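Here the structure is laid out as C-alpha cells; the discussion comes afterwards.
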Amino acid sequence: MVARSPVTEAFPSLRGWQRKALVTYLRRRSDDFLAVATPGAGKTTFALRIAVELLADRTVEAVTVVAPTEHLKAQWAAAAARVGVQLDSAFRNADLHSATDFHGAVVTYAQVGMAPHVHRRRTMTRRTLVILDEIHHAGDSRSWGDGVKAAFEPAVRRLMLTGTPFRSDDNPIPFVTYERGNDGLQRSRADSVYGYADALRDGVVRPVLFLAYSGETRWRTNAGDELAARLGEPMTQDLIAQAWRTALDPAGDWMPQVLRAADARLRILREAGMADAAGLVIASDQQAARAYGRLIERLTGERAVVVLSDDAGASARIAAFAESDQRWMVAVRMVSEGVDIPRLAVGVYATSASTPLYFAQAIGRFVRARRPGETASVFLPSVPHLLGLASEMETERDHVLGQPKNPDGLDDELLDRAQRSEQASGELEKRFEALSATAELDQVIFDGASFGTAAQAGTPEEEEYLGLPGLLTADQVAVLLNKRQAEQLAAQRRRSAGEPPAVPRQPEPQPMNAAQRRVALRRQLNALVAAHHHRTNLPHGKIHAELRRICGGPPSAQATIEQLEERIATVQTL
C-alpha cells in the first residue's frame, strides 16, 4: 500500500505568524529555511503545513523529521497523522528504508549521528523534505553536526526550527546561514522570527510570573568549616553554587516551603477557571527527582508522577499525565524541551542548570495558551543568573560565532563554572554537606520588572502574591502587581510606625548597607521603567535592554550600584 498525498484543504487554520512565514517560504522556494518561534507558538503545525504543501505539489516525495528525543518522535508522528502525513516513528537504522505506506520517518539527532550513510541513502532515494526540529542540537557534538550535514545535503528542501536562544559556543550549525556584522562577528540569520513578546501580544502564549525565593543557607565544607550565605545576595561564584545547592537539598526547609507555595498557587489557578492546571518540578538529577516526589506526596497527600529518562515507560507516563487530571509531575531533563503538556501552568525550577538555552527550554513548557486569560507561574531560586534570564524573557538572541566569552553574564561556560565544583574553595563538592535552608519570597518578576519586597514563607504578604487571580491579561497582571506592591509597602510603613504616637515625628533615616542599597536602587529603576512603559507602551524588557545598550553592563539583577545609578539617571532622560 502506498501512502496517499495529504490535501491542504483539510489542514486547520493557521495563526497570523504561521501564515506570514508560509507565504515567505512559498515565495522564496529556497533549499534552506530557518524559522525561530517562541515555545508554544506552533512550530510543529507550521512545519507540517509546509510538508503538506510540498507533498501535494510533488516538490517532494518524502518527509524526514529529526527530533531531539525518542519521546518527541512519537509526538511528531501523532501530530503529522492528524493532518494526513504518515511518519514512521519506529524506524531504526537497521531498517535502511521506510515502508511505502509511510510518507517518511521521524528519527533523532543521535540516530543520524550513528549512521549518517543510512539516512543519506534514504534522502537520495526519494526527493525529500527534511525538518530539523530544535536545530541547535546539531551543534551538541561534532558527530551530530557532521552526521546531519552528511545525511541531508542531498535533500531537496531543509526546514530548520528552533524556539530557544541559540548556542553560545563556536560550533557552526549545519545549513544555518551566518552573516558577518559591523563588529566582524558572524551571526545566524533567520528567515522568520516570532518572539515571546510578539506571541504574548497576540495571546498565543501566557504571561509568565517568576516568583523568586531567597533565604538563609548553611552548609559544611570538606574541611569541616560551616559556611552561611543568604541566597540572592552578591557573592562569589563558588558561594553562589553552594548556597544554591543547599537550597535545593530535599532534606532542608527551602524546597518544602517553596513546594507548599507552588501548590497553593496551583490550587488558586484550578479554582479560578483552569480546572485541570498541573505543576512540574524540574530537578537536577534522578535522586533529587525521587525525593521531590516524596515531598510533594507528604505535603499535598497526592502522589506525583516521577519521570526518569532511563525508565522504559517514561514516554507513556508523560502522555498519560498530559491527558489526566493529576496535579504534579517531577522530571529531570526529558521534559525540558518540546514535550507538549498544555495544562502545565505552575513550575518549580529546582535545578542548577542555568544556561540561556536550558532556561528558555524549561520555561517553554509553561507558556502555551489554551484560552484567553491563562497565566503561568514559575518558582525559582533568587540567583543572579536566573533573575537576569527571567527579566529578559523577551530578548531575542542569535547564534554568534567568535564572540568574546562572558560578555553579559549569559555565557554557557561562565554558568557551567558556577554549577561545577569550585577549585578555589578547596573542592567543596567532594564532601559537601547541606545543613539548613529557609525560604522567603524575594520578588516577583514580570515583563522585565521586579515587584514586591521580601516576605517570609507562609505569611499573609506571601499569600497576597500567591493569590493573584488565575485568569488575567498581561496588562491586568502588571496593574495588580503594582497594586500589591503599593499595599505591601504601605503595610510595612504602618508596621514600622507602630501605634500612632502621641507626638508625630519623622523617623531618622537609617544608613543602608551595600546589599540594601542595591535592592532600593533596583526598585527605583523598575518603578521608572514602569512609568516609561505607561508613557510609551514599550515592553519593560525592551526598555531594560535599551538601558543596557546605552549604559553597558549586565542585567539589573547582576548590576553594580554604580551601574544601577547610571541607568536611573538615563531612564529619566528618555
Side-chain angles (χ1 to χ4, degrees), residues 3-69 71-91 98 101-109 122-123 126-135 137 152 155-163 175 190-194 199 204 319 322 337-342 364 368 370:
R4 295 180 180 178
S5 294
V7 292
T8 56
E9 288 76 10
F11 208 90
S13 59
L14 298 178
R15 292 170 174 162
W17 82 265
Q18 294 168 329
R19 290 195 301 272
K20 183 178 178 181
L22 177 64
V23 169
T24 301
Y25 182 89
L26 295 176
R27 282 177 178 168
R28 292 186 183 176
R29 296 278 175 177
S30 55
D31 294 348
D32 296 305
F33 191 93
L34 172 60
V36 177
T38 189
K43 292 184 296 296
T44 301
T45 300
F46 166 67
L48 290 173
R49 178 55 186 264
I50 287 179
V52 168
E53 293 278 351
L54 298 185
L55 286 168
D57 67 11
R58 301 289 191 268
T59 299
V60 301
E61 302 170 287
V63 177
T64 296
V65 176
V66 187
T69 66
H71 175 77
L72 290 179
K73 288 169 60 174
Q75 193 166 293
W76 264 100
R82 288 195 289 270
V83 296
V85 179
Q86 305 304 323
L87 299 177
D88 182 6
S89 61
F91 178 85
S98 303
D101 51 354
F102 288 103
H103 293 102
V106 191
V107 297
T108 64
Y109 285 97
R122 292 181 59 252
T123 303
R126 294 195 288 175
R127 294 193 308 276
T128 301
L129 163 69
V130 178
I131 299 172
L132 296 155
D133 186 24
E134 304 298 352
I135 181 62
H137 284 288
F152 303 123
V156 173
R157 295 289 178 84
R158 290 173 292 263
L159 173 62
M160 293 155 286
L161 309 172
T162 185
F175 310 123
D191 300 285
S192 173
V193 177
Y194 187 66
V204 171
E337 181 179 52
V339 174
D340 187 13
I341 309 176
R368 184 183 298 275
R370 299 176 301 174

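The figures here come from the full heavy-atom set of this structure, side chains too, leaving out hydrogens, waters and symmetry mates. Quantities reported herein were computed from a predicted structural model and do not represent experimental measurements.
Smallest separation of non-hydrogen atoms from Gly364 and Pro39: CA-CB, 3.5 Å. Arg122 and Ala105 make their closest contact through NH2-CB, 3.5 Å (heavy atoms, listed as atom of the first residue, atom of the second, distance). Listed here is the closest heavy atom pair of Tyr109 and Leu132: OH-C, 3.5 Å. Leu129 and Ala51 make their closest contact through CD2-CA, 3.6 Å (heavy atoms, listed as atom of the first residue, atom of the second, distance). Thr59 approaches Val156 most closely through the heavy-atom pair O-CG1, 4.1 Å. Taking both residues in full, the closest heavy atoms of Ala67 and Val106 are given as CB-CG1, 4.5 Å, listed atom of the first, atom of the second, then distance.
Judged purely by atom type and a 3.5 angstrom limit, Glu61 uses its side chain to pair as donor or acceptor with the backbone of Arg127. No donor-acceptor distance shorter than 3.5 angstrom exists from the side chain of Asp88 to the backbone of Phe102, with no hydrogens or angles considered. Between the Gln86 side chain and the Gly104 main chain, no donor and acceptor come within less than 3.5 Å of each other. With hydrogens and angles ignored, the 3.5 Å screen pairs no side-chain donor or acceptor of Thr38 with any backbone N or O of Ala41. His103 places no side-chain N or O within donor-acceptor distance of the main-chain N or O of Val63, the cut-off being under 3.5 Å. The closest donor-acceptor contact from the side chain of Arg157 to the backbone of Asp31 lies at 3.5 Å or more, if one exists at all.
The closest side-chain heavy-atom distance from Thr24 to Arg28 is below 4.5 Å. Counting heavy atoms from C-beta on, the side chains of Ile135 and Leu161 never come closer than 4.5 Å. Ser89 places none of its side-chain heavy atoms less than 4.5 Å from the side chain of Val107. For the pair Pro68 and Thr108, the minimum side-chain heavy-atom distance is 4.5 Å or more. A heavy-atom distance below 4.5 Å is not found between the side chains of Arg368 and Ile341. The shortest side-chain heavy-atom distance between Arg82 and Phe11 does not fall under the 4.5 Å cut-off. Side chains of Ile131 and Val66 form no contact here, defined as non-hydrogen atoms less than 4.5 Å apart.
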Trace of the side-chain contact (heavy atoms from CB on, under 4.5 Å) decision for Arg29 with Leu54: CA-CA 10 Å; Arg29 296 278 175 177; Leu54 298 185; 3.6 Å; yes
Candidate pair Leu22 and Ile50, rule side-chain contact (heavy atoms from CB on, under 4.5 Å), full reasoning: CA-CA 7 Å; Leu22 177 64; Ile50 287 179; 3.8 Å; yes
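The CZ atom of Phe91 sits 8.0 Å away from atom OG1 of Thr64, with the distance rounded to the nearest 0.5 Å. Atoms OG1 and CZ, on Thr128 and Arg158 in that order, are 11.0 Å from each other to the nearest 0.5 Å. Leu87 CG to Trp76 CH2: the interatomic distance, rounded to the nearest 0.5 Å, is 8.5 Å. We find the CG-NE2 distance between Asp133 and His137 to be 8.0 Å, quoted to the nearest 0.5 Å.
Taking the charged nitrogens against the carboxylate oxygens, Asp191 and Lys20 have no contact shorter than 4.0 Å, which rules out a salt bridge.
Applying the side chain to side chain donor-acceptor pair (under 3.5 Å) definition to pairs two or more places apart or across chains, those involving residues 40-51 are Arg49-Glu53. Identified under the ring pair (Phe, Tyr, Trp, His ring centres under 6.0 Å) test for residues 33-58, with sequence neighbours left out: Trp17-Phe46, Tyr25-Phe33.
The 12-atom threshold is not exceeded at CZ of Arg27, counting heavy atoms of other residues, nucleotides or ligands nearer than 6.0 Å.
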